[in-house]
Enquirer: 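Sending over a structure as structure tokens; questions will come in a sec.
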Amino acid sequence: MAALTNDEILEAIANMTVQQAADLVKAMEEKFGVSAAAPVAVAAGPAAAEEEQTEFTVTLESIDPAKKMDVIKAVKAATGLGLKEAMAIVTGAPQVIKEGVSKADADKLIADITAAGGKVSKK
């Protein structure tokens with residue numbers, strides 16, 4: 001018996017009815033112990049895995065000692081805290097300034113504190 005080429009096999013399948021093709025698939029699954037079912041996706045694709053962060057925590061890492069008062073004023077203005085609380089954040093650096101802020105608000109806060117003489121991080 002001569003072996004069929006791939007083209008001949010594909011042509012034969014193309015000429016089958018849907019029912020005949022389904023029966024062929026079932027017969028192949030039984031004969032070879034395999035499944036023609038599409039594999040189930042285990043994890044989402046890379047785009048879904050890397051969701052864009054929407055909330056940030058802004059932390060005062062350190063300050064320029066010569067600009068301590070400017071940084072205290074900037075922290076006080078940005079947070080709405082009293083002078084004593086703002087001073088505690090600045091003198092206790094590294095300290096969290098704000099949590100759960102938007103990217104735009106975090107960037108503005110970083111710019112304000114940096115301009116006053118503080119080193120700030122966003123996570």
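Side chains included, hydrogens not; waters and symmetry mates left out as well; all remaining heavy atoms used.
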Enquirer: Measure across S102 and F56 and return the closest heavy-atom pair with its distance rounded to 0.1 Å.
Expert: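 Taking S102 first and F56 second, the nearest heavy atoms are C-CD1, 4.0 Å.
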Enquirer: From I113 CD1 over to I72 CD1, what is the distance, rounded to the nearest 0.5 angstrom?
Expert: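 If I round to the nearest 0.5 Å, the distance is 11.0 Å.
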Enquirer: Please find the pair of heavy atoms, one from V34 and one from M28, that lie closest to each other, and give the distance.
Expert: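 Scanning both residues, the minimum pair turns out to be CG2-O, 4.3 Å.
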Enquirer: Rounded to the nearest 0.5 Å, how far does CG of L81 lie from CE of M87?
Expert: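 Going from the CE atom of M87 to the CG atom of L81 covers 12.5 Å.
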Enquirer: Could you pull out all residues at least two apart from Q20 that satisfy side chain to side chain contact (heavy atoms under 4.5 Å, CB included)?
Expert: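 Applying side chain to side chain contact (heavy atoms under 4.5 Å, CB included) to Q20 gives M16, T17.
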Enquirer: Could you pull out all residues at least two apart from K119 that satisfy side chain to side chain contact (heavy atoms under 4.5 Å, CB included)?
Expert: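 Listed in chain order: E61, S62.
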Enquirer: I need the minimum non-hydrogen distance between T57 and G100, along with the two atoms involved.
Expert: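 Minimum heavy-atom contact is OG1-N, 4.4 Å.
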Enquirer: For L109 and V101, what are the C-alpha separation, side-chain angles and deciding distance, and is it a side chain to side chain contact (heavy atoms under 4.5 Å, CB included)?
Expert: CA-CA 10 Å; L109 180 58; V101 296; 5.6 Å; no
Enquirer: Between K76 and L83, is there a side-chain heavy-atom distance shorter than 4.5 Å?
Expert: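 Yes, side chains in contact.
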Enquirer: Going by salt bridge (charged side-chain N to carboxylate O under 4.0 Å, His left out), name the residues that satisfy it together with K67, two or more places apart in sequence or in a different chain.
Expert: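 Per chain and number, K67 pairs via salt bridge (charged side-chain N to carboxylate O under 4.0 Å, His left out) with no residue.
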Enquirer: If you compare all heavy atoms of Q95 against all heavy atoms of I89, which two are closest, and at what distance to 0.1 Å?
Expert: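 So the minimum-distance heavy-atom pair works out to CG-O, 3.3 Å.
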Enquirer: Taking all atoms of both residues into account, what is the closest heavy-atom pair of E8 and L4, and its distance?
Expert: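 Taking E8 first and L4 second, the nearest heavy atoms are OE1-CA, 3.2 Å.
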Enquirer: In this structure, are over 12 heavy atoms from other groups packed under 6.0 Å from N15 atom CG?
Expert: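 Enclosed: over 12 neighbouring heavy atoms sit under 6.0 Å from CG of N15.
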Enquirer: Is there side-chain contact between K123 and T59, with at least one heavy-atom pair below 4.5 Å?
Expert: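 K123 vs T59: side chains apart.
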Enquirer: Atom CG of D112 and atom CG of D107: how far apart are they, to the nearest 0.5 Å?
Expert: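 That separation rounds to 11.0 Å.
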Enquirer: Would you check if K103 and K122 make a side-chain contact, meaning some heavy-atom pair closer than 4.5 Å?
Expert: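 Contact flag for K103/K122 side chains = yes.
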Enquirer: Tell me, do V120 and V58 make a side-chain contact under 4.5 Å, heavy atoms counted?
Expert: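 Yes, at least one pair of side-chain atoms sits under 4.5 Å.
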Enquirer: Is F32 reachable from I13 through a run of hydrophobic residues whose side-chain heavy atoms are each under 4.5 Å from the next?
Expert: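 Cluster IDs for I13 and F32 match.
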Enquirer: First locate atom NZ of K98, then atom CG of L60, and finally report the distance between them rounded to the nearest 0.5 Å.
Expert: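 Answer for the NZ-CG pair, K98 versus L60, is 14.0 Å.
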